[in-house]
Structure formats: C-alpha cells, structure tokens
Amino acid sequence: MHSGQERAVLPGDPPVEILLRPNARARRFALRVAAADGRVTLSFPPAAGRAAALDFARARAGWLRARLAERPE
C-alpha cells in the first residue's frame, strides 16, 4: 500500500472493504470497483479529509453493493 492509503470497512450486509486513496491531483471523489478482482477504491482530494470520503462512500453504499453483486463468482 502506498503512503497515505488506508483501508476502511463500510458496515452493512455484506461489509465492504474500501481502499482510501488521497490524491493531490483529485478534484472530486471517485469510487471504483475493479473489474478484475472487485477491489473497491475511493480516491479523493486530501483537503476533503477521510471523514468526508467515508460519508461519500456511505451515501453510495447501495450503488456499490449493486456493482459488487453484478460480479460473476
């Protein structure tokens, strides 16, 4: 894991592990689900802060879980 990155868990059913990636070049929040392995990454401007990034992820929990459910086993 690169410097500044950390993992967080979005509670719920099922819980979702998210890699938080502050990015100095980011201008907005970007939530991604990797097609290859289903890894969830949230990039965000460092000035926004970790709490705001987690709020963003919680607000989009339904969308996120729907994308993960679409993945083949």
Atom CZ of Phe56 and atom CG of Leu31: how far apart are they, to the nearest 0.5 Å?
6.0 Å
Answer yes or no: does atom CZ of Arg71 have more than 12 heavy-atom neighbours from other residues, nucleotides or ligands under 6.0 Å?
yes
Less than 4.5 Å apart, any side-chain heavy atom of Val9 and any of Val16?
no
For the atom pair CZ (Arg28) and CG (Asn23), what is the distance rounded to the nearest 0.5 Å?
12.0 Å
Which heavy-atom pair separates Arg67 from Val33 by the least distance, and what is that distance?
CB-CG2, 4.1 Å
Is there a side-chain contact between Ile18 and Thr41, using heavy atoms and a 4.5 Å cut-off?
no
Are the side chains of Pro22 and Arg50 in touch, meaning some heavy atoms are under 4.5 Å apart?
no
Quick one, Arg25 and Pro45 - any side-chain contact, counting heavy atoms below 4.5 Å?
no
Do the non-hydrogen side-chain atoms of Leu54 and Leu20 ever get within less than 4.5 Å of each other?
yes
Taking only residues two or more places apart in sequence or in another chain, which ones pass side-chain hydrogen bond (donor to acceptor under 3.5 Å, both in side chains) with Asp13?
none
Using a strict cut-off of less than 4.0 Å between a Lys/Arg side-chain nitrogen and an Asp/Glu carboxylate oxygen, indicate whether Arg39 and Glu17 qualify as a salt bridge.
no
Side chain proximity check, Leu42 to Arg21, heavy atoms < 4.5 angstrom
no
Using side-chain heavy atoms (C-beta onward) and a distance below 4.5 Å, is Phe29 in contact with Ser43?
no
